Amino acid sequence: MIVIDKVQLYELELPLKSAFATSQGVYKIRNTLIVELITVDGLVGYGECEAFADPWYTEETVETEVAVLKRSIIPFLKGQPWQSPSHFAESIKWIKRHNFAKAGVEMALWDIYSQQQNKTISQLIGGTREQIDVGVVLGLSEDIKQIVKQIEQYQQFGYKRYKIKIKPNMDERIISAIRDKYPSLPLMVDANSAYTLNDIELLKRLDQYQLMMIEQPLGETDFLDHQILQQHISTPICLDESIHSYEDARLAITLKSCKIINIKLGRVGGLTESVKIHDLCKAHQIPLWVGGMLETGIGRIHHIVLASMAQFTIAGDISASEKYWEHDIIKPAVTVNEGKIKVPKQPGLGVNLNKAQLHAYLKHSIIL
Ligand code: MG
């Protein structure tokens, strides 16, 4: 049983090493929220609520996370003993959406549960890999020379897959310049919903560049339009923003709206829901990969654990800590060797929280 005694939230403001641009905006600072849970018997667990400061990726923000945690999630969490993190995840479904807020708490419960069970989180969810293949994301940029230079720099770490962000008028020109220089680079693009079916001719032309996939070309709720688009292009569509739950994944697979799915465990509400989506995709032979949220080392370790499951056959957006941060809030930081990251072998997160660094980034903390 897990009985939570104390909860502390740490709202952090981390400077990104370099500004990160998507089709929806530019970030220089990453605001994020770390959840610390302490049980009545003194075990401590950490999770990260990974929504952004503005609601462009999903409807959640750091402020909505804090509000719903205070008002609803934490009082419910402290109100009863939990047999497991999944018991909590299934019971909290009375709260609609707020998936990133729920997931931050569920992550911390997995950290505690794995210490209690003296097993790794990967073992508890049926993970099979000791190390995972990882890829890297490059922010949106007009500067093709700079993009090529970044790819060269990242190649020394052996990243298995390269992703660039695109939007209208910053797409084919950039893709074709990369392809001229790197004809066989494992390359994919992410549009973050920047296109509509009116762009179908352009999207068809992208087939010639042999992209691994095009991620979320159309809107979040455009399951039907994605189905139509997939019938017209040979590049596999990967859905990201559209998939918030097992039911969304089932809808997308049934309609054939995509051929690949990216899971961000925060977006789907936690590890329990991620495992359900994993099992569904395995049954339907839909390849998976783990997406990134410009998260700190706390969220990153949970993402690495998820990627240890068998159906995550495509390298995820899980880079080394040093890609984003001068100093991460965990010790040791996440490192990449030959395009691989090791899955923790110890119960819990397998790393320590760097409290001094946490306090250096701290905006404020809230005890609940
Ligand atoms: Mg994406």
Side-chain angles (χ1 to χ4, degrees), residues 16 19-27 30 32 48 50-61 99-100 103 134-141 147 159-168 170-171 174-175 186-196 199 203 206 211-223 225-226 229-230 233 235-245 248-249 252 257-269 273-274 277 281 286-295 299-300 302-303 306-307 312-319 323-324:
L16 281 156
F20 192 83
T22 74
S23 63
Q24 313 293 337
V26 180
Y27 280 84
R30 175 65 163 113
T32 191
E48 181 169 352
E50 300 173 345
F52 292 114
D54 297 299
W56 68 269
Y57 177 71
T58 70
E59 65 274 35
E60 288 183 86
T61 68
N99 288 351
F100 280 105
V134 294
V136 74
V137 193
L138 283 68
L140 195 69
S141 171
I147 292 179
Y159 283 110
K160 307 287 185 197
R161 193 222 65 199
Y162 292 78
K163 166 165 137 181
I164 60 160
K165 298 280 190 178
I166 57 167
K167 70 175 184 181
M170 287 178 73
D171 38 42
I174 298 167
I175 296 165
L187 181 66
M188 60 170 286
V189 295
D190 183 4
N192 291 113
S193 301
Y195 299 89
T196 71
D199 301 303
L203 296 167
L206 298 186
L211 299 170
M212 295 171 74
M213 69 193 88
I214 177 166
E215 185 182 347
Q216 197 71 40
L218 312 178
E220 178 189 351
T221 56
D222 290 345
F223 287 93
D225 285 357
H226 276 111
L229 177 62
Q230 186 66 90
I233 63 174
T235 306
I237 292 175
C238 170
L239 288 182
D240 172 352
E241 284 93 327
S242 295
I243 309 295
H244 297 272
S245 63
D248 287 339
S257 307
C258 66
K259 293 181 178 171
I260 298 171
I261 289 178
N262 137 6
I263 300 183
K264 294 181 182 168
L265 65 91
R267 191 191 66 229
V268 303
E273 193 75 7
S274 299
I277 298 171
C281 289
I286 298 287
L288 290 170
W289 53 279
V290 174
M293 285 296 294
L294 306 179
E295 67 284 351
R300 198 159 298 226
H302 289 282
H303 294 192
L306 175 61
F312 289 93
T313 52
I314 299 172
D317 284 348
I318 311 174
S319 312
K323 177 177 186 286
Y324 296 109

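All values reported here derive from a predicted model rather than from experimental measurement. Both ligands and their constituent atoms are indexed starting at 1 by order of listing.
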Q. For Glu215, what is the atom name of its N, O or S atom nearest to the Mg ion (ligand 1)?
A. OE2
(Q) Under 2.8 Å from the Mg ion (ligand 1) - does any N, O or S atom of Asp190 fall there? (A) yes
(Q) Quick check on side-chain hydrogen bond (donor to acceptor under 3.5 Å, both in side chains): which of Glu50, Glu48, Lys264 does His303 satisfy it with? (A) Glu50
Q. Any chance the side chains of Glu273 and Ser245 put a donor and an acceptor closer than 3.5 Å?
A. no
Q.
Students often mix this up, so state it plainly: with edges at 30° and 60°, are the rings of Tyr57 and Phe52 parallel, tilted or perpendicular?
A. perpendicular
Q. Has Asp240 got an N, O or S atom lying less than 2.8 Å from the Mg ion (ligand 1)?
A. yes
Q.
Run the side chain to side chain contact (heavy atoms under 4.5 Å, CB included) test on Ile164 and Ile175 for me, step by step, so that the C-alpha distance in whole Å, both residues' side-chain angles and the decisive distance to 0.1 Å come before the verdict.
A. CA-CA 8 Å; Ile164 60 160; Ile175 296 165; 4.0 Å; yes
